[in-house]
Each structure stands twice: as structure tokens, then as C-alpha cells.
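Report on one structure; see the data block that follows.
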Amino acid sequence: MTDAHSTAASNERHVTFDLATGQVRQVRLGGGERLVLVPPAALDDLASSVSVEAASRFARAIGVAIGKRAAQKLGSIDGVLAASLEAFVSELALEVALSGWGSLSIERWGRAMVVVVEHTPVSDPRLIAVLVEGAIEAAAGRAVRGVCLVSTRGGVARILIVSERTAERARGWIAEGVSGQDVITRLQTPGSDGSQP
Amino acid sequence: MNARERIAKLEALLARVTERVKAPRSVEVETANLRDTTRPPPPADVEVEVIEEVRQVSEPPISIDISDDEVQSSERVVAAPAERIGETDGERMASAAPAEAAAEAHTEPEPEPEPAPEVEVAPEPEPEPPASSRRPIVLESKLEDLAFGDAAPPEAPHTPPPESGRQVASPPVDLDFDSDFTGVRSKEQGEAEVVVVSSVPPPPEPEREPEPASAPVDLAPAQVAPALVASAPEVTLPILPDAPVAVFEGSAPLFKPASLGELLDATLLL
């Protein structure tokens with residue numbers, strides 16, 4: 001597991017609180033992006049009051065913004081794909097932490113890529129899964145799906161990054177009660193459901 | 001003989017005596033003399049009185065067999081004088097004639113009548129109380145003594161049980177066996193002894209009172225207990241060949257992506 005905080009950025013100012021105008025801006029190379037501080041309870045109320053699609057779009061939008069900022073720091077989409085895993089995790093984790101969505105790290109289980117987000121502000125891990133989807137799509141330019149694996153610890157979301165077709169199989173196994181580790185094992189076992197290891 | 005038969009006999013006897021009393025004889029003097037010489041019988045001694053009267057009138061004594069079981073302690077039985085066995089009525093009458101003469105002689109004035117021998121009546125033993133009578137309870141007095149008195153505490157009802165612990169082994173007895181026939185052989189000195197090493201620590205020995213100082217005793221080497229030796233298992237290790245028994249060909253596939261793109265492609269191919 002890569003520690004995002006071990007490769008944290010320098011003392012560069014990332015967030016500016018403009019008290020005169022009442023604005024919070026995130027420093028970017030090409031200028032600043034305005035942010036809004038929202039209490040987590042408001043996010044939970046919003047996610048529970050609206051439909052799943054609406055909540056997913058809301059969370060995806062936040063993730064896309066995070067991914068774009070990370071890709072901007074790494075140069076471009078090609079720069080992100082060519083970057084090392086540690087460099088990408090460091091930039092992505094920094095942007096997630098600045099936005100107040102928790103501590104992000106990446107686990108590699110064989111060929112499977114699992115994004116772990118701790119200290120999430122919302123109780124529904126599906127919002128985190130959608131947020132990570134948007135961040136990786138915006139940063140790497142690939143269409144991915146995030147499958148929330150069953151987590152035993154509170155406040156921790158484990159998101160398996162797979163294709164859309166594999167995501168459907170994984171969600172079916174999870175619905176049957178298969179643990180997240182077994183889902184990853186099945187996906188990497190040759191001949192399981194005709195998938196390719 | 002039960003009580004009814006006895007009563008019947010007594011009544012028959014009384015009737016015969018009454019008849020003979022009514023007969024014209026000088027019985028009054030005899031009876032008077034008899035009364036003077038004999039103590040008035042107790043009212044309960046009817047049988048005795050009858051026997052005496054019969055003896056004075058020289059009537060054939062009537063013996064009544066009364067067993068000891070029938071005679072209770074409340075009655076007093078006086079033994080009759082030994083009668084002569086085989087005496088006929090004629091002889092008895094003959095013997096009664098001198099008695100009558102003697103009775104007539106008594107009517108003559110004499111200086112002083114010879115005192116009749118008093119019959120020593122032994123004090124009647126106090127009859128034992130019946131079994132159902134009340135008896136003093138000894139236990140109550142003991143309780144009172146325990147509660148209020150200065151009586152010593154009673155002794156323990158039982159002796160204490162013997163103390164547990166090791167028993168002193170009896171000294172070995174030197175037995176002389178003929179080893180040629182019995183096969184019994186004496187223990188050799190220096191023979192290896194079996195020592196059981198237990199992981200459980202022995203219980204602490206109770207503190208013993210210091211024994212009085214005595215002269216040191218020199219024990220023979222055979223009498224000294226051998227020290228406990230922690231025995232270690234004797235392990236026999238196998239001898240393995242130096243040649244490799246397995247051959248590894250190739251290497252396990254190791255996925256180590258160099259960039260995020262490789263990992264992303266790999267995870268999307270799952």
C-alpha cells in the first residue's frame with residue numbers, strides 16, 4: 001500500500017481563504033478554483049433525499065474535479081499514465097485530502113487495483129465509489145467502474161477498479177454474500193465465469 | 001395352677017377348717033395358746049394362718065403348689081415345716097394326741113409361759129418400679145451443669161482421626177533366601193534408580209519444628225538420596241541427502257507495473 005502522506009507536496013499553499021470576499025479558492029497553476037465547505041451531514045441528507053443517479057452524478061462531479069487537478073499537476077493524461085504508481089497516488093491523495101473527502105491510498109491485489117479511502121465524510125460508500133470513478137476517468141482518460149467491496153471497518157471504503165462488464169459480475173457476487181477478497185480471487189482465477197486473467 | 005384354681009382350693013380348705021372348728025373339741029384353748037405364742041399374722045397372710053391352724057389341729061397339711069411365677073413380690077410365703085412322708089391319718093392322729101395333752105398341760109397354771117420364738121420377718125425388699133414408671137433424665141442435669149455449673153467439658157466422643165501424611169516405612173527385614181532355588185537376589189549397590197521428573201512443582205513442605213540438636217549421623221553413600229537429574233530426550237536426527245530433490249523451472253509470474261497505465265490496463269482486463 002502506498003502512503004499518500006509520505007509523498008505529500010511541499011509547503012506550497014493549496015487553499016486560500018479570502019476573508020474579504022468570502023471565498024475559498026484552491027490554488028492551481030492556471031489560476032484558482034472556488035471551493036465550498038459543506039458539512040458532511042448535508043451531504044448525507046442530499047444523498048438520501050435524491051435518487052441514486054442524482055447522488056452519483058453529484059459525487060462523480062466532485063471526483064472529476066479532483067482527477068483533473070491531479071492530472072494537471074502531472075502534466076496531462078499521458079503524463080498520468082506514464083507516471084509511477086507512487087506519483088499518481090501522491091497527487092490524487094493530495095487533492096482528495098484538500099477537498100476533505102478522506103485519506104486515499106491504492107492497493108494492488110495481483111492484477112487488481114483497489115482504491116482505499118479512509119475517514120470518508122459520508123456514510124454511503126457508493127458515493128465514494130462514484131467519486132473515485134470520476135477522479136480516475138478524469139485523470140487517466142479511461143472509462144472505469146468502481147465497485148464498492150464489503151468493508152468490515154467503519155469509515156473505510158474499498159473500491160475495486162474494473163471495467164464495466166467485470167463490475168457487473170463483481171456486484172453480483174457481492175450481492176450473493178461473497179467477501180471482497182474472494183471477489184478479487186475469483187476475478188483472477190482462470191476460467192471463472194469465462195473471464196480472462 | 002392359676003389363680004382361680006388356687007382360690008377354689010383355698011375356699012375348700014376354709015370350708016373344711018370351718019367344719020372342724022365347729023366340731024366339739026377344745027380348740028379354743030389351743031387357739032388361744034396359739035394366739036399367745038404367735039404373732040398376729042398380717043391380714044394378707046391368710047395362707048399362713050390357715051396352715052398354722054391346720055398344724056395345731058393336726059390336720060393333714062395341705063400343700064399348695066404355688067410357683068414362683070405366680071407368687072408376686074407382694075405376697076409373703078412362709079414355708080411349712082417338713083412333713084413326714086408316708087404318715088397315715090392314724091399316725092397323724094396319734095401324734096396329735098400328745099399335742100392335745102400338751103395343750104391341756106398348758107392350761108395348768110405355770111409360772112411363766114415360755115415365750116414363743118418370734119418369727120423374724122425380714123424386711124420386704126422394696127419392689128422394683130414398673131418399667132413404665134418415670135425415671136430421672138440424666139441428660140437434663142448434664143445440660144444444666146454445662147450451662148450453669150463449673151463442670152468440666154465432656155470428653156470428645158471419638159478419638160481424632162489419624163493424621164495424614166507419609167507413613168514411616170518399616171525397616172527392611174533381612175531375609176535370607178537361597179538364591180539358587182528361589183531366584184531372589186539381593187539389591188546390588190550402585191544400581192541405577194528410576195527418577196521421575198515431573199513438570200509440576202512439588203508442593204511446599206510444611207514447616208517443621210526444629211528438631212533437637214543431636215549428634216551428626218554419618219550416612220553411608222547408599223543411604224543418601226540421589227539428586228534429581230533432568231533427563232533430556234535423546235533425539236535421533238535423520239540424515240538427508242545433499243542432492244536437491246526438487247527442480248524449479250522458470251519463475252512465478254510477477255506483476256509489477258512500472259506505471260499507472262500498466263496497472264490500469266491490467267485491472268481493466270480482469
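In the text below, chain A, chain B and the rest are named by the order of the sequence lines, each starting its count at 1. All values reported here derive from a predicted model rather than from experimental measurement.
Residues B/L270 and A/L187 approach most closely at CD2-O, 4.1 Å, considering heavy atoms.
The backbone N or O of A/A112 sits nowhere less than 3.5 Å from a side-chain atom of B/T267 that would complete a donor-acceptor pair. At distances below 3.5 Å, at least one donor-acceptor pair connects side-chain atoms of B/S259 with backbone N or O atoms of A/L81. The closest donor-acceptor contact from the side chain of A/R142 to the backbone of B/L268 lies at 3.5 Å or more, if one exists at all.
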Listing, residues 126-140 of chain A side-chain donor-acceptor contacts under 3.5 Å, not counting sequence neighbours, or none:
from	atom 1	to	atom 2	distance (Å)
A/R126	NE	A/D124	OD1	3.3
A/R126	NE	A/D124	OD2	3.3
A/R126	NH2	A/D124	OD2	3.1
A/E133	OE1	A/R60	NH2	2.5
A/E133	OE2	A/G146	N	2.5
A/E137	OE1	A/R60	NH1	2.8
A/E137	OE2	A/V144	N	3.2
A/E137	OE2	A/R145	NH1	3.4

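Taking A/A170, A/A83, A/S84 one by one and counting their heavy-atom pairs under 4.5 Å with chain B, the maximum is reached by A/A83.
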### Message
Go through it in stages, so that I can follow the logic: the residues are B/L260 and A/M113, the test is side-chain contact (heavy atoms from CB on, under 4.5 Å), and I'd like the CA-CA distance, side-chain angles, deciding distance and then a yes or no.
### Response
CA-CA 10 Å; B/L260 175 66; A/M113 176 180 172; 4.0 Å; yes

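More than 12 non-hydrogen atoms from other residues, nucleotides or ligands lie less than 6.0 angstrom from CD of A/Q23.
The shortest side-chain heavy-atom distance between B/L269 and A/R111 does not fall under the 4.5 Å cut-off.
Looking at A/V80, both its backbone and its side chain come within 4.5 Å of chain B, counting heavy atoms on both sides.
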